[in-house]
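For reference, the structure discussed in these notes is given below.
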Amino acid sequence: MKNIVITFILFSIVSLVYCQQQIVPRNFSEKDQITISRETGFAEAIKAIEVISQQSENRKIVNMSTFIGEIRIPIKQLYWKDALSLIVGFNNLVIDERPGAFIIKDIEVKEVKKPEDKEVVITAFTRQVRISSIFFKADKTLSNQIGINWTTLIGGKVNADIKFSGASEIESDLFQASISKNFDTGNITIDVDALLRIIEGYQRGAIIARPSIIVLSGKTGFVQVGQDFSVKTIDEAGNVIDKFFETGHILEVTPKILVEGDREVIHLKVKVEKSSAIPGQISTIINKSKSSTDIILYDGEETVIGGLYDTDTKIERSGIPILKDLPWWFFGLRYLFGYSSHEVSTNEMIIILKVELIDSIEKRREDAIPIMDILDREELLNKRSQIIFKNKE
């Protein structure tokens, strides 16, 4: 009995020691712990953790994700590795741990190919679509002033609402250049090319580009008016590489010709993007406006995509020459002899698209054959059929 009691006491002591070992938290030095507020930007938080990571394990932290917001979770006196895992996991990102670095990435989402996304079979009879576009940047205030209704665009003409009484100079020019007009209401119909020329002449807008591409039915066409910029990243082998991104005015179109009886229409998928890159010390910011739509058009019909706005801020320094440009520490004279004016303007990017059907290459080849050659070929085919018929008899 005495041996049983001693054995029970020893077992209890061992169990208590084991449980205490499991409950006692890990102790780290203060230099391995970090505190970050929830309002801290993600890139700034990663940079702060990277300082401790390099001191402790000489490992970099490379952010290859697209997340640029706040971390949205408070970190208080937490071990730096736990803090890194908590921030990354909370923002739906992943860590790829390597011998020389921690690489933060977006969660890869595998794109499921839809049944309708079948590969288009290209033959000599495949039709093509010519897509002509105009990228026009106009002052939003002017567009509201002259009341352009882009939804009325038909046959290269658009309606506008101009109050002719006391009209400005640009409104008078538009009224005179109009094809049809109503003096009582101020409603006019004007050719789009004439409208754009007049707006450009008054420096209230500008045509950015007039790209035109020919795309096979079911295929995707791509137009970019802008620049590519690069961001240095690390590949799987740990090498520093440049990853390029497109910015500017980007148009992506996928036309598909639909035939019902003797009528042909064009189903057009359009993606439009207006973007610009602002490089920074920590990360690169991309300002982006995007629009996508599906439309159905007849051969030769036009459509308009608008609503892509941007704001330009112009700062001008006025005052007495030389004195207005003195440095601020020179007795503050720059504030006495000059002033700065801020001019903010809002512009709208308007994209005009026109679709035109193009015959297949086989049809164009047949149309290029002289009429005499076609008659000779038909006569030869008729003779061959007569010979075959006689042999059968």
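Values below: all heavy atoms of this structure, side chains included; hydrogens, waters and symmetry mates excluded. Small disclaimer: the values here were computed from a predicted structure and weren't measured.
At least one donor-acceptor pair closer than 3.5 Å links the side chain of Asp106 to the backbone N or O of Thr66. At distances below 3.5 Å, not a single donor-acceptor pair connects side-chain atoms of Thr220 with backbone N or O atoms of Thr254.
The side-chain hydrogen bond (donor to acceptor under 3.5 Å, both in side chains) search around Ser53 returns none, not counting sequence neighbours. For Asn149, the side-chain hydrogen bond (donor to acceptor under 3.5 Å, both in side chains) test picks out Thr151, with sequence neighbours left out. Qualifying side chain to side chain contact (heavy atoms under 4.5 Å, CB included) partners for Pro211, counting only residues two or more places apart in sequence or in other chains: Ser133, Phe135, Ala209, Val223. In this view, Ser275 and Glu273 satisfy the side-chain hydrogen bond (donor to acceptor under 3.5 Å, both in side chains) rule, not counting sequence neighbours. The side chain to side chain contact (heavy atoms under 4.5 Å, CB included) search around Ile154 returns none, not counting sequence neighbours. Taking Lys354 as the reference, nothing meets the salt bridge (Lys or Arg N to Asp or Glu O under 4.0 Å) condition, with sequence neighbours excluded. The side-chain hydrogen bond (donor to acceptor under 3.5 Å, both in side chains) check on Thr247 picks up nothing, with sequence neighbours excluded. Listed by chain and residue number, Arg59 satisfy the salt bridge (Lys or Arg N to Asp or Glu O under 4.0 Å) test with Glu97 (two or more places apart in sequence, or in another chain). Considering only residues two or more places apart in sequence or on other chains, Glu264 meets the salt bridge (Lys or Arg N to Asp or Glu O under 4.0 Å) condition with Arg127.
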Report task. Decide yes or no on side-chain contact (heavy atoms from CB on, under 4.5 Å) for Leu268 and Ile131, but give the supporting numbers first. Result -> CA-CA 10 Å; Leu268 189 65; Ile131 302 173; 3.9 Å; yes
Report task. Please lay out, stage by stage, how Lys137 and His249 fare under the test side-chain contact (heavy atoms from CB on, under 4.5 Å). Result -> CA-CA 11 Å; Lys137 187 176 183 180; His249 303 91; 5.8 Å; no
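Taken together through direct or relayed side-chain contacts under 4.5 Å among Ile, Leu, Val, Met, Phe, Trp and Tyr, Leu251 and Ile213 form part of one hydrophobic cluster. Val355 and Ile358 fall into different hydrophobic clusters, where Ile, Leu, Val, Met, Phe, Trp and Tyr are joined by side-chain heavy atoms under 4.5 Å apart, directly or via other members. Residues Ile250 and Ile351 do not share a hydrophobic cluster, defined by chaining ILVMFWY side chains whose heavy atoms lie under 4.5 Å apart. In the hydrophobic cluster analysis, where Ile, Leu, Val, Met, Phe, Trp and Tyr join through side-chain heavy atoms closer than 4.5 angstrom, Ile36 is grouped together with Leu86.
Side-chain contact between Val129 and Leu357 is present, with at least one heavy-atom pair separated by less than 4.5 Å. For the pair Glu356/Asp299, a side-chain contact is recorded, criterion being any heavy-atom separation below 4.5 Å from C-beta on. Residues Ile104 and Leu84 form a side-chain contact, since some pair of their non-hydrogen atoms from C-beta on lies under 4.5 Å apart. Residues Phe102 and Glu57 have side chains in contact (heavy-atom distance under 4.5 Å, counting atoms from C-beta outward). For the pair Val62 and Ile46, the minimum side-chain heavy-atom distance is 4.5 Å or more.
Annotation for Gln227: atom CD does not count as buried by contact number, only 12 or fewer foreign heavy atoms lying within 6.0 Å.
Hydrophobic side-chain contacts under 4.5 Å tie Val265 into a cluster, directly or through other members, with Leu258, Ile296, Tyr298.
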Check: residues 192-202 side-chain donor-acceptor pairs under 3.5 Å, at least two apart:
residue, atom, partner, partner atom, Å
Glu200, OE2, Ile207, N, 3.0
Tyr202, OH, Asp173, OD2, 2.4

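Listed by first then second residue, pairs satisfying ring pair (Phe, Tyr, Trp, His ring centres under 6.0 Å) with a partner in residues 41-68 read Phe42-Phe67, not counting sequence neighbours.
Rounded to the nearest 0.5 Å, atoms CD (Glu70) and CG (Asn91) are 10.5 Å apart.
Each of Val94, Ile95, Leu93, Val88 was scored for a side chain to side chain contact (heavy atoms under 4.5 Å, CB included) with Lys105, with one residue passing: Val94.
In this structure, Glu50 pairs ionically with Lys47, as a charged nitrogen and a carboxylate oxygen lie closer than 4.0 Å.
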